[in-house]
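Taking it in order: structure first as structure tokens, then the write-up.
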Amino acid sequence: MNTLNRIEGDAVLRGQAQIWRYIYGGFDAMAIRCCVELRIADIISNHGSPTTLSEIAAAIDYPSINMDGLGRLMRFLVHKKVFDEMHQLENEDREGEKAYSLNYCSNWLLFDTNVTLAPMVRMRTDPSMVLPLHALSRSIKEGGTSFKLTHGEELFDFSLLNSEFNTIFNEGMACTAKITMDAIMSKYKNGFLGLKGSFLDVGGGTGVAIYEIVKAYPHLKGINFDLPHVISTTPAYGGVTHVAGDMFKSIPLADTIFMKWILHDWSDEDCIKILKNCRKAISKETGRVIIVEIVQHSTEDDYFNDIRLTYDMVMYTHFSNGKERTESEWKKLLNEGGFCRYNVIKIPAIQSIIEAFPQ
């Protein structure tokens, strides 16, 4: 076989292997979900040292643990670099037995920690969220979101009618809010210090984000604004007032408006409507809107470029007309919404900060 044929043969095999990975890629997510449901990361963390399979099984504390299945799950997750594996050499009884430890990946699956992605794992792998992916081709042929084609309701309406899913959804959003807020707080310190008066979080969910801000900057008066069914589940936070309403109808007056991962859920027309309501709620001279969203097609390569494109597919399948936008698309929306000036500030997260000013 000549060199050209060998290179072409390798390329064909790589292409085949790539498709096999995509076919079975769903197992990655479901193995992570299984790990979260069994609290394996927390078991290892609580143990305080590399943990054997039998010790993990004992901590799961179920009478009929399938040790073969658990072992194969851990082998898979080690291969995926979710956990690290070593041979236990502490004493003769455990010599040579495999033991597992946390790493930078599995640390994100802990429940008993300040920042975690475990609730997001539960939310994104929930059957209500996974089933609509089977309707992707139908939505492309017929129009409409895959979520509505599957459930008969758009996601937010479905959430309103299903309290258990509403809780799972809000917990998933709350955990990512905390992670994103840590990134924002690390890069936007001077921005918050320069603000005064009332600080309104539009679509603030359970209030995690606004609480983090007013806790660090108590000179700001925090207002968490969301739909009534969301506000009804929010806990009390010092320095934060919860207000129920509809951002499409009106937004309470404020000195500064904050929106984190809100506009990507909506069409251009809806975004312009929301932005116009924001414009009415702030001072033309001193007001600003702080938007936290993905800005697509970044010229800088980073860890999150691939997931940003994936999120655009999430928007397409789960939200009516939702999308992730390029900077030029954001500029057009802001101008039509009444904001003639903006800044894009990169942060160590999937999203960026977009500061928007009415003049």
Side-chain angles (χ1 to χ4, degrees), residues 13-14 16-131 133-134 164-165 167-169 171-176 178-179 182 303-304 306-307 310 350:
L13 285 176
R14 285 198 304 272
Q16 181 190 153
Q18 187 173 349
I19 294 299
W20 279 114
R21 287 197 299 272
Y22 295 154
I23 289 170
Y24 289 103
F27 278 88
D28 294 358
M30 299 317 295
I32 294 293
R33 178 181 176 90
C34 179
C35 170
V36 167
E37 289 178 331
L38 297 176
R39 302 288 183 108
I40 292 174
D42 288 289
I43 289 170
I44 295 172
S45 177
N46 293 335
H47 191 261
S49 63
T51 311
T52 65
L53 201 64
S54 58
E55 289 167 339
I56 294 171
I60 293 173
D61 193 23
Y62 199 78
S64 56
I65 291 287
N66 185 326
M67 293 298 292
D68 177 60
L70 181 61
R72 289 156 77 172
L73 173 69
M74 294 305 296
R75 180 177 63 185
F76 181 80
L77 293 174
V78 166
H79 174 72
K80 294 294 181 177
K81 303 187 187 315
V82 177
F83 294 100
D84 291 337
E85 178 186 275
M86 61 179 293
H87 289 286
Q88 186 60 256
L89 300 173
E90 286 185 0
N91 55 57
E92 292 182 0
D93 292 335
R94 291 164 46 143
E95 184 174 354
E97 188 176 1
K98 292 177 181 178
Y100 305 92
S101 59
L102 301 181
N103 57 28
Y104 286 113
C105 182
S106 45
N107 277 325
W108 288 99
L109 301 179
L110 293 166
F111 277 88
D112 303 325
T113 187
N114 190 37
V115 288
T116 176
L117 280 170
M120 191 63 166
V121 171
R122 292 184 63 223
M123 188 265 275
R124 281 296 172 195
T125 58
D126 186 86
S128 296
M129 298 294 270
V130 175
L131 193 59
L133 301 181
H134 292 274
E164 183 177 352
F165 175 78
T167 298
I168 292 172
F169 182 83
E171 288 176 351
M173 291 295 97
C175 83
T176 55
K178 180 65 174 68
I179 294 167
D182 284 352
Y303 298 121
F304 300 112
D306 183 68
I307 197 62
T310 302
I350 296 171

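Judged as a salt bridge (charged side-chain N to carboxylate O under 4.0 Å, His left out), not a single pair has a partner in residues 101-119 (not counting sequence neighbours). Sorted by first and then second residue, the side-chain hydrogen bond (donor to acceptor under 3.5 Å, both in side chains) pairs with a member in residues 56-74 read Asp68-Arg72; sequence neighbours excluded. Among residues at least two apart or in separate chains, there is no salt bridge (charged side-chain N to carboxylate O under 4.0 Å, His left out) pair with a member in residues 39-54.
Met123 and Ile168 make their closest contact through CA-CG2, 3.6 Å (heavy atoms, listed as atom of the first residue, atom of the second, distance). When all heavy atoms of Val115 and Asp182 are compared, the pair lying nearest together is CG1-OD2, 3.2 Å. The minimum heavy-atom distance between Ala41 and Ser106, with the atom names listed, is CB-O, 3.8 Å.
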Name each donor-acceptor pair under 3.5 Å that joins a side chain in residues 24-34 to protein atoms two or more places apart or in another chain, with its distance.
{"unit_1": "Asp28", "atom_1": "OD1", "unit_2": "Lys80", "atom_2": "NZ", "d": "3.4"}
{"unit_1": "Arg33", "atom_1": "NE", "unit_2": "Glu37", "atom_2": "OE2", "d": "3.1"}
{"unit_1": "Arg33", "atom_1": "NH1", "unit_2": "Arg122", "atom_2": "O", "d": "3.0"}
{"unit_1": "Arg33", "atom_1": "NH1", "unit_2": "Thr125", "atom_2": "OG1", "d": "2.8"}
{"unit_1": "Arg33", "atom_1": "NH2", "unit_2": "Glu37", "atom_2": "OE2", "d": "3.3"}

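The only member of Leu109, Leu102, Asn103 that meets side chain to side chain contact (heavy atoms under 4.5 Å, CB included) when paired with Val82 is Leu109.
Two residues are said to be in side-chain contact when any heavy atoms from C-beta on lie closer than 4.5 Å; Ile40 and Leu70 meet this criterion. Between Ser54 and Glu97 there is a side-chain heavy-atom pair separated by less than 4.5 Å. Considering only heavy atoms from C-beta on, Thr176 stays 4.5 Å or farther from Ile350 through its side chain. Between Val78 and Lys98 there is no side-chain heavy-atom pair separated by less than 4.5 Å.
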Evaluate the side-chain contact (heavy atoms from CB on, under 4.5 Å) criterion for residues Met120 and Ile179: first the C-alpha distance (whole Å), next the side-chain angles of each, then the deciding distance (0.1 Å), finally the verdict. CA-CA 11 Å; Met120 191 63 166; Ile179 294 167; over 6 Å; no

Going through the checks in order, is the side-chain contact (heavy atoms from CB on, under 4.5 Å) test met by Phe169 and Ser128? CA-CA 10 Å; Phe169 182 83; Ser128 296; over 6 Å; no

What verdict does the side-chain contact (heavy atoms from CB on, under 4.5 Å) test give for Ile44 and Phe83, after you've listed the backbone C-alpha separation in whole Å, the side-chain angles of each residue and the deciding distance to 0.1 Å? CA-CA 10 Å; Ile44 295 172; Phe83 294 100; 3.7 Å; yes

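Annotation: side chain to side chain contact (heavy atoms under 4.5 Å, CB included) contacts of Leu133 (sequence neighbours excluded): Thr317, His318. Among residues two or more places apart in sequence or in another chain, the side chain to side chain contact (heavy atoms under 4.5 Å, CB included) test is passed with Thr113 by Leu110, Thr116.
Going from atom SG of Cys105 over to atom NZ of Lys81 covers 10.5 Å, rounded to the nearest 0.5 Å. How far OG1 of Thr51 is from CE of Met74: 8.5 Å, rounded to the nearest 0.5 Å. Summarising the geometry, atom OH belonging to Tyr22 is positioned 7.0 Å from atom CD1 belonging to Ile19; distances are rounded to the nearest 0.5 Å.
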